[in-house]
Protein chains: 2
Amino acid sequence: MAGSRQIGEPARRLTREEARRQTRERLLDAAGDVFKRLGYNGASLEAIAETAGYTKGAIYSNFETKADLFKALVDRHRDEEIATQSNQFAGKSLEEVLAELDEVFERQVGRDPDRFALQIELVLASMRDPEVRRRLVAGSEELRDKTGASFDALLAKAGRTAPFTGRELSVLFTAMATGLALQRMLEPETVDPKLLVRAARCLAGIEDARS
Amino acid sequence: MAGSRQIGEPARRLTREEARRQTRERLLDAAGDVFKRLGYNGASLEAIAETAGYTKGAIYSNFETKADLFKALVDRHRDEEIATQSNQFAGKSLEEVLAELDEVFERQVGRDPDRFALQIELVLASMRDPEVRRRLVAGSEELRDKTGASFDALLAKAGRTAPFTGRELSVLFTAMATGLALQRMLEPETVDPKLLVRAARCLAGIEDARS
DNA sequence: GTCTATACACGGATAGAC
DNA sequence: GTCTATCCGTGTATAGAC
(Lines give C-alpha, C1' and ligand atoms only; values in the text may rest on other atoms or scores of the structure.)
Protein backbone atom coordinates (compact mmCIF):
# COMPACT_ATOMS: atom_id res chain seq x y z
CA MET A 1 0.00 0.00 0.00
CA ALA A 2 1.20 3.47 -0.74
CA GLY A 3 1.25 4.92 2.76
CA SER A 4 2.59 1.91 4.68
CA ARG A 5 5.85 2.07 6.58
CA GLN A 6 8.39 -0.52 7.59
CA ILE A 7 8.23 -1.61 11.21
CA GLY A 8 10.67 0.28 13.37
CA GLU A 9 10.99 3.02 10.82
CA PRO A 10 10.77 6.31 12.72
CA ALA A 11 7.58 8.32 12.29
CA ARG A 12 8.46 11.11 9.91
CA ARG A 13 7.01 13.45 7.41
CA LEU A 14 6.03 12.03 4.04
CA THR A 15 8.65 11.36 1.42
CA ARG A 16 8.41 13.32 -1.79
CA GLU A 17 6.72 10.44 -3.60
CA GLU A 18 4.22 10.00 -0.78
CA ALA A 19 3.44 13.68 -0.68
CA ARG A 20 3.03 13.72 -4.43
CA ARG A 21 0.77 10.72 -4.33
CA GLN A 22 -1.32 12.32 -1.60
CA THR A 23 -1.72 15.52 -3.57
CA ARG A 24 -2.68 13.47 -6.59
CA GLU A 25 -5.29 11.57 -4.61
CA ARG A 26 -6.73 14.75 -3.15
CA LEU A 27 -6.94 16.28 -6.58
CA LEU A 28 -8.67 13.19 -7.89
CA ASP A 29 -11.15 13.28 -4.98
CA ALA A 30 -11.92 16.89 -5.71
CA ALA A 31 -12.16 16.22 -9.44
CA GLY A 32 -14.69 13.47 -8.72
CA ASP A 33 -16.76 15.82 -6.60
CA VAL A 34 -16.81 18.61 -9.13
CA PHE A 35 -17.14 16.50 -12.27
CA LYS A 36 -20.11 14.61 -10.93
CA ARG A 37 -21.87 17.77 -9.86
CA LEU A 38 -21.12 19.85 -12.94
CA GLY A 39 -20.22 17.38 -15.68
CA TYR A 40 -17.02 17.36 -17.68
CA ASN A 41 -17.38 20.63 -19.53
CA GLY A 42 -19.12 22.35 -16.66
CA ALA A 43 -16.31 21.67 -14.23
CA SER A 44 -13.46 24.17 -14.18
CA LEU A 45 -9.94 23.34 -13.10
CA GLU A 46 -10.16 26.36 -10.84
CA ALA A 47 -13.09 24.84 -8.97
CA ILE A 48 -11.39 21.46 -8.73
CA ALA A 49 -8.15 22.90 -7.41
CA GLU A 50 -9.99 25.03 -4.90
CA THR A 51 -12.02 22.07 -3.68
CA ALA A 52 -8.81 20.14 -3.14
CA GLY A 53 -7.25 23.07 -1.31
CA TYR A 54 -4.68 23.82 -4.00
CA THR A 55 -4.38 26.11 -6.98
CA LYS A 56 -4.45 25.22 -10.66
CA GLY A 57 -0.68 24.91 -10.68
CA ALA A 58 -0.93 21.77 -8.57
CA ILE A 59 -3.13 20.17 -11.16
CA TYR A 60 -0.74 20.91 -14.00
CA SER A 61 2.20 19.54 -12.05
CA ASN A 62 0.34 16.25 -11.58
CA PHE A 63 -1.58 15.90 -14.83
CA GLU A 64 -0.95 16.79 -18.44
CA THR A 65 -4.30 18.32 -19.28
CA LYS A 66 -7.89 18.44 -18.10
CA ALA A 67 -8.67 15.41 -20.26
CA ASP A 68 -5.76 13.57 -18.67
CA LEU A 69 -7.08 14.32 -15.20
CA PHE A 70 -10.50 13.10 -16.26
CA LYS A 71 -9.11 9.86 -17.61
CA ALA A 72 -7.13 9.24 -14.44
CA LEU A 73 -10.41 9.67 -12.58
CA VAL A 74 -12.08 7.18 -14.89
CA ASP A 75 -9.38 4.64 -14.05
CA ARG A 76 -9.78 5.09 -10.33
CA HIS A 77 -13.56 5.08 -10.44
CA ARG A 78 -13.55 1.85 -12.46
CA ASP A 79 -11.11 0.18 -10.09
CA GLU A 80 -13.26 1.07 -7.10
CA GLU A 81 -16.37 -0.14 -8.85
CA ILE A 82 -14.78 -3.48 -9.69
CA ALA A 83 -13.42 -3.88 -6.17
CA THR A 84 -16.86 -3.22 -4.72
CA GLN A 85 -18.69 -5.57 -7.01
CA SER A 86 -16.31 -8.47 -7.27
CA ASN A 87 -16.81 -9.71 -3.72
CA GLN A 88 -20.48 -9.02 -3.18
CA PHE A 89 -21.51 -12.68 -3.34
CA ALA A 90 -18.92 -14.15 -1.02
CA GLY A 91 -20.47 -16.91 1.09
CA LYS A 92 -24.09 -16.00 0.43
CA SER A 93 -27.02 -18.05 -0.78
CA LEU A 94 -29.10 -17.17 -3.83
CA GLU A 95 -31.97 -15.99 -1.68
CA GLU A 96 -29.68 -13.80 0.35
CA VAL A 97 -28.04 -12.31 -2.71
CA LEU A 98 -31.40 -11.48 -4.24
CA ALA A 99 -32.77 -10.08 -1.01
CA GLU A 100 -29.75 -7.83 -0.70
CA LEU A 101 -30.14 -6.42 -4.16
CA ASP A 102 -32.16 -3.46 -3.00
CA GLU A 103 -29.60 -2.76 -0.33
CA VAL A 104 -26.91 -2.65 -3.00
CA PHE A 105 -29.21 -0.53 -5.10
CA GLU A 106 -29.91 1.76 -2.20
CA ARG A 107 -26.23 2.16 -1.45
CA GLN A 108 -25.45 2.86 -5.09
CA VAL A 109 -27.97 5.58 -5.72
CA GLY A 110 -29.64 6.42 -2.44
CA ARG A 111 -26.61 7.26 -0.40
CA ASP A 112 -24.48 8.68 -3.16
CA PRO A 113 -26.59 9.80 -6.10
CA ASP A 114 -23.74 11.95 -7.33
CA ARG A 115 -21.53 8.94 -7.75
CA PHE A 116 -24.21 7.33 -9.86
CA ALA A 117 -24.49 10.51 -11.87
CA LEU A 118 -20.77 10.38 -12.48
CA GLN A 119 -21.10 6.83 -13.73
CA ILE A 120 -23.68 7.95 -16.26
CA GLU A 121 -21.60 10.95 -17.16
CA LEU A 122 -18.72 8.59 -17.91
CA VAL A 123 -20.88 6.53 -20.24
CA LEU A 124 -21.87 9.64 -22.14
CA ALA A 125 -18.26 10.75 -22.27
CA SER A 126 -17.41 7.31 -23.65
CA MET A 127 -19.56 8.03 -26.67
CA ARG A 128 -17.50 11.07 -27.46
CA ASP A 129 -14.06 9.70 -26.68
CA PRO A 130 -13.04 6.12 -27.51
CA GLU A 131 -10.10 6.39 -25.13
CA VAL A 132 -12.46 7.07 -22.22
CA ARG A 133 -14.58 4.13 -23.27
CA ARG A 134 -11.57 1.83 -23.46
CA ARG A 135 -10.51 2.75 -19.95
CA LEU A 136 -13.98 2.60 -18.49
CA VAL A 137 -14.73 -0.92 -19.69
CA ALA A 138 -11.31 -2.35 -18.88
CA GLY A 139 -11.79 -5.41 -16.70
CA SER A 140 -15.55 -5.41 -16.92
CA GLU A 141 -15.57 -8.53 -19.07
CA GLU A 142 -13.77 -10.46 -16.35
CA LEU A 143 -16.09 -9.06 -13.72
CA ARG A 144 -19.09 -10.14 -15.75
CA ASP A 145 -17.66 -13.62 -16.15
CA LYS A 146 -17.00 -13.86 -12.46
CA THR A 147 -20.41 -12.57 -11.46
CA GLY A 148 -22.09 -14.77 -14.02
CA ALA A 149 -20.28 -17.84 -12.73
CA SER A 150 -21.33 -16.92 -9.19
CA PHE A 151 -24.95 -16.80 -10.26
CA ASP A 152 -24.64 -20.12 -12.05
CA ALA A 153 -23.14 -21.67 -8.94
CA LEU A 154 -25.80 -20.17 -6.69
CA LEU A 155 -28.59 -21.36 -8.96
CA ALA A 156 -27.16 -24.87 -9.10
CA LYS A 157 -26.73 -25.00 -5.35
CA ALA A 158 -30.32 -23.86 -4.84
CA GLY A 159 -31.52 -26.47 -7.31
CA ARG A 160 -33.07 -23.80 -9.50
CA THR A 161 -33.15 -23.68 -13.25
CA ALA A 162 -33.56 -20.09 -14.31
CA PRO A 163 -34.48 -19.31 -17.89
CA PHE A 164 -31.27 -17.29 -18.14
CA THR A 165 -27.59 -17.99 -17.80
CA GLY A 166 -25.74 -16.48 -14.90
CA ARG A 167 -24.06 -14.10 -17.30
CA GLU A 168 -27.39 -12.99 -18.71
CA LEU A 169 -28.76 -12.46 -15.23
CA SER A 170 -25.72 -10.38 -14.40
CA VAL A 171 -26.31 -8.15 -17.43
CA LEU A 172 -30.05 -7.92 -16.75
CA PHE A 173 -29.73 -7.08 -13.07
CA THR A 174 -27.21 -4.36 -13.80
CA ALA A 175 -29.38 -2.95 -16.57
CA MET A 176 -32.49 -2.96 -14.40
CA ALA A 177 -30.71 -1.35 -11.48
CA THR A 178 -29.29 1.34 -13.74
CA GLY A 179 -32.58 2.01 -15.47
CA LEU A 180 -34.53 2.13 -12.23
CA ALA A 181 -31.92 4.42 -10.71
CA LEU A 182 -32.28 6.83 -13.62
CA GLN A 183 -36.04 6.72 -13.32
CA ARG A 184 -35.74 7.35 -9.61
CA MET A 185 -33.64 10.42 -10.26
CA LEU A 186 -36.47 11.79 -12.37
CA GLU A 187 -39.50 10.65 -10.40
CA PRO A 188 -38.51 9.13 -7.07
CA GLU A 189 -42.02 8.18 -6.05
CA THR A 190 -42.56 5.97 -9.09
CA VAL A 191 -39.88 3.47 -8.11
CA ASP A 192 -40.77 1.13 -5.29
CA PRO A 193 -37.48 -0.06 -3.77
CA LYS A 194 -38.82 -3.59 -3.65
CA LEU A 195 -39.53 -3.66 -7.37
CA LEU A 196 -35.95 -4.47 -8.30
CA VAL A 197 -35.85 -7.41 -5.91
CA ARG A 198 -39.15 -8.79 -7.12
CA ALA A 199 -38.12 -8.51 -10.75
CA ALA A 200 -34.78 -10.15 -10.00
CA ARG A 201 -36.49 -13.05 -8.23
CA CYS A 202 -38.79 -13.46 -11.19
CA LEU A 203 -35.92 -13.51 -13.66
CA ALA A 204 -33.99 -15.93 -11.48
CA GLY A 205 -36.89 -18.37 -11.69
CA ILE A 206 -38.18 -18.01 -8.15
CA GLU A 207 -41.94 -18.10 -8.04
CA ASP A 208 -43.22 -15.74 -5.40
CA ALA A 209 -42.27 -12.49 -7.06
CA ARG A 210 -45.41 -10.88 -5.79
CA SER A 211 -43.54 -10.01 -2.61
CA MET B 1 -50.52 22.46 -38.51
CA ALA B 2 -48.20 25.38 -38.83
CA GLY B 3 -47.44 25.20 -42.55
CA SER B 4 -50.94 24.34 -43.86
CA ARG B 5 -52.83 26.65 -46.20
CA GLN B 6 -56.50 27.21 -46.88
CA ILE B 7 -57.76 25.69 -50.12
CA GLY B 8 -57.75 28.22 -52.91
CA GLU B 9 -55.42 30.46 -51.07
CA PRO B 10 -52.75 31.59 -53.51
CA ALA B 11 -49.31 30.09 -53.03
CA ARG B 12 -47.28 32.81 -51.38
CA ARG B 13 -44.30 33.37 -49.23
CA LEU B 14 -44.65 32.59 -45.57
CA THR B 15 -46.25 35.06 -43.21
CA ARG B 16 -44.06 36.55 -40.56
CA GLU B 17 -45.34 34.18 -37.90
CA GLU B 18 -44.78 31.18 -40.16
CA ALA B 19 -41.29 32.29 -41.01
CA ARG B 20 -40.56 32.89 -37.38
CA ARG B 21 -41.91 29.50 -36.47
CA GLN B 22 -39.82 27.86 -39.15
CA THR B 23 -36.67 29.55 -37.95
CA ARG B 24 -37.48 28.49 -34.44
CA GLU B 25 -37.95 24.89 -35.52
CA ARG B 26 -34.72 24.87 -37.49
CA LEU B 27 -32.88 26.28 -34.52
CA LEU B 28 -34.37 23.63 -32.27
CA ASP B 29 -33.39 20.90 -34.73
CA ALA B 30 -29.85 22.19 -34.82
CA ALA B 31 -29.78 22.57 -31.05
CA GLY B 32 -30.85 18.94 -30.70
CA ASP B 33 -28.08 17.82 -33.02
CA VAL B 34 -25.37 19.77 -31.28
CA PHE B 35 -26.52 19.24 -27.69
CA LYS B 36 -26.74 15.50 -28.09
CA ARG B 37 -23.31 15.28 -29.67
CA LEU B 38 -21.52 17.70 -27.34
CA GLY B 39 -23.65 17.94 -24.22
CA TYR B 40 -25.09 21.11 -22.75
CA ASN B 41 -21.92 22.86 -21.74
CA GLY B 42 -19.96 21.52 -24.69
CA ALA B 43 -22.37 22.93 -27.24
CA SER B 44 -21.76 26.53 -28.28
CA LEU B 45 -24.48 28.81 -29.58
CA GLU B 46 -22.15 29.56 -32.45
CA ALA B 47 -22.12 25.89 -33.48
CA ILE B 48 -25.89 25.59 -33.10
CA ALA B 49 -26.58 28.70 -35.17
CA GLU B 50 -24.16 27.59 -37.86
CA THR B 51 -25.72 24.12 -38.02
CA ALA B 52 -29.10 25.74 -38.52
CA GLY B 53 -27.73 28.05 -41.20
CA TYR B 54 -28.08 31.22 -39.13
CA THR B 55 -25.94 33.32 -36.84
CA LYS B 56 -26.15 33.73 -33.08
CA GLY B 57 -28.40 36.74 -33.53
CA ALA B 58 -31.17 34.47 -34.78
CA ILE B 59 -30.99 32.48 -31.58
CA TYR B 60 -31.26 35.54 -29.39
CA SER B 61 -34.22 36.86 -31.34
CA ASN B 62 -36.04 33.57 -30.71
CA PHE B 63 -34.88 32.62 -27.25
CA GLU B 64 -33.96 34.49 -24.11
CA THR B 65 -30.81 32.62 -23.20
CA LYS B 66 -28.97 29.39 -23.86
CA ALA B 67 -30.81 27.78 -20.95
CA ASP B 68 -34.11 28.93 -22.44
CA LEU B 69 -33.25 27.33 -25.77
CA PHE B 70 -32.34 24.14 -23.97
CA LYS B 71 -35.62 24.07 -22.08
CA ALA B 72 -37.60 24.62 -25.25
CA LEU B 73 -35.77 21.63 -26.66
CA VAL B 74 -36.68 19.60 -23.60
CA ASP B 75 -40.34 20.42 -24.16
CA ARG B 76 -40.25 19.39 -27.79
CA HIS B 77 -38.27 16.23 -27.13
CA ARG B 78 -40.70 15.19 -24.42
CA ASP B 79 -43.72 15.84 -26.60
CA GLU B 80 -42.26 13.73 -29.40
CA GLU B 81 -41.39 10.96 -26.98
CA ILE B 82 -44.91 10.90 -25.56
CA ALA B 83 -46.47 10.97 -29.02
CA THR B 84 -44.31 8.03 -30.10
CA GLN B 85 -44.99 5.94 -27.05
CA SER B 86 -48.63 6.59 -26.43
CA ASN B 87 -49.92 4.69 -29.45
CA GLN B 88 -47.49 1.81 -29.63
CA PHE B 89 -49.98 -0.81 -28.42
CA ALA B 90 -52.91 0.07 -30.64
CA GLY B 91 -54.71 -3.09 -31.76
CA LYS B 92 -51.95 -5.51 -30.82
CA SER B 93 -51.93 -8.68 -28.75
CA LEU B 94 -49.67 -9.23 -25.75
CA GLU B 95 -47.47 -11.60 -27.73
CA GLU B 96 -47.13 -9.12 -30.54
CA VAL B 97 -46.31 -6.27 -28.20
CA LEU B 98 -43.62 -8.29 -26.46
CA ALA B 99 -42.19 -9.56 -29.72
CA GLU B 100 -41.96 -6.03 -30.98
CA LEU B 101 -40.07 -4.80 -27.95
CA ASP B 102 -36.68 -5.34 -29.53
CA GLU B 103 -37.83 -3.52 -32.61
CA VAL B 104 -38.78 -0.56 -30.46
CA PHE B 105 -35.51 -0.93 -28.64
CA GLU B 106 -33.61 -1.12 -31.91
CA ARG B 107 -35.33 1.96 -33.22
CA GLN B 108 -34.64 3.86 -30.03
CA VAL B 109 -30.94 3.22 -29.76
CA GLY B 110 -29.82 1.41 -32.88
CA ARG B 111 -31.05 3.85 -35.46
CA ASP B 112 -30.57 7.01 -33.46
CA PRO B 113 -28.10 6.53 -30.64
CA ASP B 114 -27.62 10.27 -30.42
CA ARG B 115 -31.26 10.74 -29.56
CA PHE B 116 -30.90 8.26 -26.77
CA ALA B 117 -27.78 10.07 -25.59
CA LEU B 118 -29.77 13.28 -25.51
CA GLN B 119 -32.40 11.57 -23.38
CA ILE B 120 -29.74 10.58 -20.87
CA GLU B 121 -28.19 14.02 -21.03
CA LEU B 122 -31.58 15.46 -20.14
CA VAL B 123 -31.83 13.24 -17.08
CA LEU B 124 -28.44 14.39 -15.89
CA ALA B 125 -29.40 18.00 -16.55
CA SER B 126 -32.54 17.37 -14.49
CA MET B 127 -30.38 16.69 -11.47
CA ARG B 128 -28.78 20.09 -11.77
CA ASP B 129 -31.87 22.08 -12.66
CA PRO B 130 -35.31 21.42 -11.12
CA GLU B 131 -36.96 23.41 -13.87
CA VAL B 132 -35.54 21.05 -16.49
CA ARG B 133 -36.75 18.10 -14.45
CA ARG B 134 -40.24 19.56 -14.15
CA ARG B 135 -40.51 20.02 -17.87
CA LEU B 136 -39.01 16.68 -18.74
CA VAL B 137 -41.40 14.64 -16.63
CA ALA B 138 -44.52 16.61 -17.52
CA GLY B 139 -47.13 14.19 -18.78
CA SER B 140 -45.11 11.09 -18.03
CA GLU B 141 -47.42 10.10 -15.19
CA GLU B 142 -50.37 10.00 -17.56
CA LEU B 143 -48.33 8.09 -20.11
CA ARG B 144 -47.37 5.55 -17.47
CA ASP B 145 -50.99 5.16 -16.42
CA LYS B 146 -52.07 4.68 -20.00
CA THR B 147 -49.32 2.19 -20.80
CA GLY B 148 -49.92 0.35 -17.56
CA ALA B 149 -53.62 0.06 -18.29
CA SER B 150 -52.79 -1.25 -21.76
CA PHE B 151 -50.64 -3.98 -20.25
CA ASP B 152 -53.34 -4.88 -17.76
CA ALA B 153 -55.86 -5.14 -20.56
CA LEU B 154 -53.52 -7.21 -22.72
CA LEU B 155 -52.73 -9.56 -19.87
CA ALA B 156 -56.40 -10.02 -19.06
CA LYS B 157 -57.26 -10.66 -22.69
CA ALA B 158 -54.48 -13.23 -22.96
CA GLY B 159 -55.68 -14.90 -19.79
CA ARG B 160 -52.32 -14.36 -18.12
CA THR B 161 -51.66 -13.44 -14.54
CA ALA B 162 -48.29 -11.78 -14.36
CA PRO B 163 -46.66 -11.27 -10.97
CA PHE B 164 -46.62 -7.55 -11.70
CA THR B 165 -49.19 -4.89 -12.35
CA GLY B 166 -49.30 -3.31 -15.78
CA ARG B 167 -47.87 -0.18 -14.31
CA GLU B 168 -44.97 -2.06 -12.76
CA LEU B 169 -44.31 -3.81 -16.03
CA SER B 170 -44.27 -0.47 -17.77
CA VAL B 171 -41.66 0.86 -15.36
CA LEU B 172 -39.60 -2.32 -15.53
CA PHE B 173 -39.57 -2.55 -19.31
CA THR B 174 -38.52 1.05 -19.64
CA ALA B 175 -35.82 0.61 -17.03
CA MET B 176 -34.49 -2.55 -18.69
CA ALA B 177 -34.49 -1.00 -22.13
CA THR B 178 -32.68 2.06 -20.84
CA GLY B 179 -30.14 0.06 -18.88
CA LEU B 180 -29.46 -2.32 -21.74
CA ALA B 181 -29.12 0.58 -24.13
CA LEU B 182 -26.51 2.18 -21.89
CA GLN B 183 -24.65 -1.10 -21.63
CA ARG B 184 -24.81 -1.46 -25.38
CA MET B 185 -23.25 1.95 -25.81
CA LEU B 186 -20.31 0.78 -23.74
CA GLU B 187 -19.94 -2.81 -24.91
CA PRO B 188 -22.22 -3.56 -27.87
CA GLU B 189 -21.29 -7.23 -28.12
CA THR B 190 -22.44 -7.98 -24.57
CA VAL B 191 -26.09 -7.19 -25.26
CA ASP B 192 -27.97 -9.77 -27.26
CA PRO B 193 -30.93 -7.96 -28.87
CA LYS B 194 -33.20 -10.83 -27.93
CA LEU B 195 -32.36 -10.54 -24.24
CA LEU B 196 -34.80 -7.70 -23.66
CA VAL B 197 -37.65 -9.63 -25.23
CA ARG B 198 -36.90 -12.78 -23.26
CA ALA B 199 -36.70 -10.86 -20.00
CA ALA B 200 -39.93 -9.04 -20.79
CA ARG B 201 -41.70 -12.34 -21.52
CA CYS B 202 -40.43 -13.73 -18.26
CA LEU B 203 -41.63 -10.72 -16.27
CA ALA B 204 -44.98 -10.83 -18.05
CA GLY B 205 -45.45 -14.39 -16.82
CA ILE B 206 -44.98 -16.18 -20.13
CA GLU B 207 -43.07 -19.41 -19.68
CA ASP B 208 -40.79 -19.99 -22.63
CA ALA B 209 -38.30 -17.23 -22.01
CA ARG B 210 -35.44 -19.43 -23.12
CA SER B 211 -36.17 -18.59 -26.78
C1' DG C 1 6.25 20.69 -6.53
C1' DT C 2 3.29 24.38 -5.87
C1' DC C 3 2.05 29.26 -6.33
C1' DT C 4 1.33 33.79 -8.73
C1' DA C 5 0.71 36.04 -12.77
C1' DT C 6 -0.53 36.09 -17.26
C1' DA C 7 -1.30 34.86 -22.21
C1' DC C 8 -4.73 33.57 -25.24
C1' DA C 9 -8.93 31.75 -27.03
C1' DC C 10 -13.71 31.00 -26.63
C1' DG C 11 -18.43 31.48 -25.31
C1' DG C 12 -22.55 33.98 -23.89
C1' DA C 13 -24.69 38.03 -24.33
C1' DT C 14 -25.69 42.93 -26.13
C1' DA C 15 -25.87 47.03 -29.43
C1' DG C 16 -26.94 48.82 -33.49
C1' DA C 17 -27.23 48.55 -38.68
C1' DC C 18 -30.29 46.93 -42.19
C1' DG D 1 -36.14 39.44 -37.39
C1' DT D 2 -31.57 38.59 -38.56
C1' DC D 3 -26.73 39.97 -39.13
C1' DT D 4 -22.27 42.18 -37.89
C1' DA D 5 -19.43 43.78 -34.53
C1' DT D 6 -18.12 43.89 -30.00
C1' DC D 7 -17.94 43.58 -24.88
C1' DC D 8 -16.66 40.96 -21.11
C1' DG D 9 -16.24 37.09 -18.23
C1' DT D 10 -14.29 32.64 -17.84
C1' DG D 11 -11.37 28.68 -18.85
C1' DT D 12 -7.31 26.17 -20.30
C1' DA D 13 -2.74 26.36 -20.33
C1' DT D 14 2.04 28.35 -19.68
C1' DA D 15 6.01 31.05 -17.60
C1' DG D 16 8.60 32.04 -13.98
C1' DA D 17 9.27 32.94 -8.86
C1' DC D 18 10.02 30.46 -4.61
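Each chain gets a letter, A, B and so on, in the order its sequence line appears, and its residues count up from 1.
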Would you say the side-chain atoms of B:T190 and B:Q183 include a donor-acceptor pair closer than 3.5 Å?
-> yes
Pull out every stem in DNA chain D, meaning runs of 3 or more consecutive Watson-Crick or G-U wobble pairs with both distances under 3.5 Å.
-> C:1-18 with D:1-18
Where along residues 23-47 of chain B does a heavy atom fall under 4.0 Å from DNA chain D?
-> B:T23
Tell me, please, which residues at least two apart from A:K56 pass salt bridge (charged side-chain N to carboxylate O under 4.0 Å, His left out).
-> A:E46
Is the closest basic N to carboxylate O distance between B:E187 and A:R144 below 4.0 Å?
-> yes
With sequence neighbours left out, write down each residue that passes side chain to side chain contact (heavy atoms under 4.5 Å, CB included) with B:S86, or none if nothing qualifies.
-> B:L143, B:K146
If you measure from the Lys or Arg side-chain nitrogens to the Asp or Glu carboxylate oxygens, is any gap between A:E100 and A:K92 under 4.0 Å?
-> yes
Charged N-O contact under 4.0 Å between B:K194 and A:E168 = no
Strictly below 4.0 Å, heavy-atom distances to any atom of DNA chain D: list the hits from residues 49-72 of chain A, or just say none.
-> A:K56, A:Y60, A:T65, A:K66
Could you pull out all donor-acceptor pairs under 3.5 Å where a side-chain atom in residues 28-41 of chain A meets a protein atom, sequence neighbours excluded?
unit_1	atom_1	unit_2	atom_2	d
A:D29	OD1	A:R76	NH1	2.9
A:D29	OD1	A:R76	NH2	2.9
A:Y40	OH	A:A67	N	3.3

5' to 3' on DNA chain D, which nucleotides open and close the contacts with chain A (atom under 4.0 Å from a heavy atom)?
-> D:dG11 to D:dT14
Ring pair (Phe, Tyr, Trp, His ring centres under 6.0 Å) partners for B:F173, two or more places apart | B:F151
By side chain to side chain contact (heavy atoms under 4.5 Å, CB included), A:N62 pairs with (sequence neighbours left out) A:R20, A:T23, A:R24, A:L27
Could you note down all residue pairs passing side-chain hydrogen bond (donor to acceptor under 3.5 Å, both in side chains) where residues 120-135 of chain A supplies at least one of them, sequence neighbours left out?
-> A:K71-A:D129, A:D75-A:R135, A:E121-B:R128, A:R128-B:E121, A:E131-A:R134, A:E131-A:R135
Who are the salt bridge (charged side-chain N to carboxylate O under 4.0 Å, His left out) partners of A:E64, not counting sequence neighbours?
-> none
For B:E50, what residues pass the salt bridge (charged side-chain N to carboxylate O under 4.0 Å, His left out) criterion, not counting sequence neighbours?
-> none
